[in-house]
Amino acid sequence: MENSVINKKSEPASSVEPVLQVKDLNLAFNTPRGQAKILEGVNFDLFPREILALVGETGSGKSVTAKSILNLIPERSRETRGQVLFGVKDLLTISGKELGTIRGNRISMVFQNPQSSINPVFTLGEQISRLIRLYLSAKINDLKFKTQCSQKQAVESIAREKLNEVGLTDIKRMLKLYASEVSGGMAQRYRIALALISSPEILIADEATSALDVTVQAHILKLMKDLCKNKRTAILFITHDLGIAAQICDRVAVMYAGRIVEVAETKKIFKNPLHPYTRGLLKAVPKLGKNKPLSFVPGIIPDLVSPPRGCRFHSRCDQAMDICHKQKPESLKLEDNHNVSCFLYKE
Amino acid sequence: MLLFLCKRFVGLIALLIALSTLVFFFTRSLPGDAAALYIGGNAKPEQIERARTELGLDKPLIVQYKRYMERLLHADMGISLRTHRPVFKDLMEKIPMSFELVLWALFIATFFGVSFGVIAAYFQGSLIDDTIKGFTSAAVSIPIFFLALLLQLLFFNYLGWFPLQGRIDSFLEFTDPLQNITGFSMVDTLISGNFKAFFNVSWHMVLPVTALFVGPLGIIARLTRSSLLDVMDQDYIMAARASGISERVLFFYYGLRNALSPVLTVIGLSVALILLSTFYVEMIFNWPGIGYYSLAAIMSLDYTALMGVTLMIGTVYVIANTIMDILRRIIDPRIK
Ligand SMILES: Nc1ncnc2c1ncn2[C@@H]1O[C@H](COP(=O)(O)OP(=O)(O)OP(=O)(O)O)[C@@H](O)[C@H]1O
Ligand code: SF4
Ligand SMILES: [Mg+2]
């Protein structure tokens, strides 16, 4: 395991500008039972060329965070506060038109549920062609000029190339299929290919390898690592699988009940986890094997319609103190850029 | 697709057999002596007996049933007790007149229903949406006969814009009479170059067609709106939005096609609704079509005619739904 931790970053994180800064992101959904405060002050930075893992048990708010970054959650049902800074632009406040030039183009996303994120009544070919025409028109013209082929042929050959990259074969047939006719693994690779068409600066991958078998998964993980290295793409890698996080991620952010409770370099967090929740997670995964579920920490996530006062983890924490019931721990910056939100580390 | 059509065809035959059997035994259990009705009032007993033999009503029920089914195979639905003409011939004459109304109503209800639904969904929550919502709520809740009378009151009595009833002004029947080519009066007048009659006939159709399309239009518009809004909340739309596809393409191209499948089903059902509505509308507007014919048949217990009408409506209903199913298969590959 030790040598599978790849720490390729030469520059210390603090000396470069982050490509994306999530600042004090709060999100509440209006539900019939009242407001569910799903995210409470989420903070993290994403740097160029890094892969940041976002881990946490089911329902902790990982997908909601990802969707909020691209401002995708319908406005009528929610309340949002905070900022998502992409350069100087706050993605939560810029106009829809401006957002349209960023979504899919400079920041793209692979959704958690690959099959339901493909339109069921259009063929896979129709959907990938649209994106190729949207983002690669120069390449299409180039190809048309070079090989004297039609627009359609050019688009198809680019589609073939893009789908080959994610390890898909028999593409001519695949382009004619519908979402319901392909396996989860194929759908997932197809969605990854779509997300990469525009060569985005940021890729948000929400459980993007969960439906893949081991060899295909290894292929995709390598693809992602190459992206970071060669194209300077930054990846927010959301996963349940700490083993994968250890393999390819530079840093790990641990989320619990709508807060990031600990962020550190991968090596550090595995060697020296600080937050009691992180410790529980790591203990729950005895050998960093394959696809071990995360939910082995005793207890369940609290009801966020009436969240607990103080630290949201206190009912499950075996080191909880008096203060933990009353106050919210703020994020502490320790040495080596190790951040943790817990009263145990307050001087 | 071919297999599907074959299945549908077999289904249609089975339905018609079941329907005709049901109708046969049901009408026979109705009160009233068919032979007496056939002869008319004040008949002598021996006359009635002769009519009974003539109509085959003296035979056991099961024999009658067999004969009835055999005849059906030759498109022979028996003799109407009221008009004393073959029912099949009556129907063939009346069907085009009604279908002229029904098809117009269906076309308008579909076209404007879908358009209004799409517009309302696109401007969800705006004044336009509210206006359409108000209009369609009224449209689906107003009883059809009331609407028909209201239209007459307003557009004939007060405004005098449209004729009260009938197919054509009676003086035109002498100067420029309708020629019966297809039975569709608008088509016939156009073919025969009888433009005066064409405009007159069209004018007469406006109010009955309006009475027929308002309800289905409301239903189709409401369903289109809710189906579209539902689709726009799906993961695949959010994913497409995340990949930078413009809102307009998302809505009018990706979304609409997904939303249309339930709408097509309802359009199929609207055919049945409109057909039934012709019963009232043709009566109120004195329109000599199937609805009028059926109502008259009901009034005079003309069971042979009723059987014919029932079979015809059943057939039309199945055909309409089959067409809608085919369209749904074309736009939605998930339907298997
Ligand atoms: N549209 C919504 N309305 C109300 N509540 C929602 C909505 N979307 C998500 N939630 C709630 O937000 C919480 C976080 O959901 P989210 O999908 O982000 O979890 P997750 O960390 O991605 O979990 P998983 O690992 O299962 O993917 C859940 O409790 C969920 O029920
Ligand atoms: S703040 Fe208190 S309750 Fe929360 S994790 Fe730390 S010790 Fe446990
Ligand atoms: Mg999720």
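Here is how names work: the chains are called A, B, and so on, in the same order as the sequence lines, proteins then strands, and each is numbered from 1. All of these numbers come straight from a predicted model, not from anything done at the bench.
- When each of A/H240, A/Q188, A/K62 is paired with A/E207, the side-chain hydrogen bond (donor to acceptor under 3.5 Å, both in side chains) condition holds for A/H240 and for no other.
- Residues of residues 257-277 of chain B placed with any heavy atom under 4.5 Å of a heavy atom in chain A are listed by number as B/R257, B/N258.
- The pair B/R225-B/D129 meets the salt-bridge criterion, with a side-chain N (NZ, NE, NH1 or NH2) lying under 4.0 Å from an Asp/Glu carboxylate O.
- Partners of A/T209 according to the side chain to side chain contact (heavy atoms under 4.5 Å, CB included) rule, which considers only residues two or more places apart in sequence or in another chain, are A/L212, A/Q217, A/I220, A/L221, A/F237, A/I244.
- Side-chain N/O atoms of B/Y253 and A/R130 include no donor and acceptor closer than 3.5 Å.
- Here A/D142 does not pair with A/K139 in a salt bridge; the nearest charged N to carboxylate O distance is not below 4.0 Å.
- Within the 4.5 angstrom heavy-atom criterion, no atom of A/K97 approaches chain B.
- Distance check, rounded to the nearest 0.5 Å: CG of B/D233 to CZ of A/R76 gives 4.5 Å.
- Within residues 5-17 of chain B, no residue approaches chain A closer than 4.5 Å by heavy atoms.
- The aromatic rings of B/F252 and B/Y122 sit tilted, their planes meeting at an angle between 30° and 60°.
- The shortest side-chain heavy-atom distance between B/S226 and B/D230 does not fall under the 4.5 Å cut-off.
- Counted within 6.0 Å of CZ on B/F111, heavy atoms from surrounding residues, nucleotides or ligands total 12 or fewer; the atom is thus considered open.
- Nearest heavy-atom pair, A/M255 versus A/V42, reported as atom, atom and distance to 0.1 Å: CE-CG2, 3.7 Å.
- For the pair A/E181 and A/L124, the minimum side-chain heavy-atom distance is 4.5 Å or more.
- Side-chain contact between B/L212 and B/W104: absent, with no pair of heavy atoms (C-beta onward) separated by less than 4.5 Å.
- At a 4.5 Å heavy-atom cutoff, B/V231 makes no contact with chain A through either its backbone or its side chain.
- Contact check on A/E156 versus A/K152 returns no salt bridge, with no Lys/Arg side-chain nitrogen under 4.0 Å from an Asp/Glu carboxylate oxygen.
- A cation-pi arrangement is absent between A/R106 and A/F86 under the rule of less than 6.0 angstrom and at most 45 degrees off the ring axis.
- Using non-hydrogen atoms only and a strict 4.5 Å limit, the part of residues 113-122 of chain A facing chain B consists of A/N113, A/S116, A/S117, A/I118, A/N119, A/P120, A/V121, A/F122.
- With chain B as the partner, the residue from A/L70, A/N105, A/L131, A/L99 showing the most heavy-atom pairs under 4.5 Å is A/L131.
- Here the straight-line distance linking atom CG of B/L151 with atom OG1 of B/T210 works out to 6.0 Å at 0.5 Å rounding.
- Heavy-atom pairs under 4.5 Å with chain A peak, among B/Q234, B/M232, B/M238, B/E247, at B/M238.
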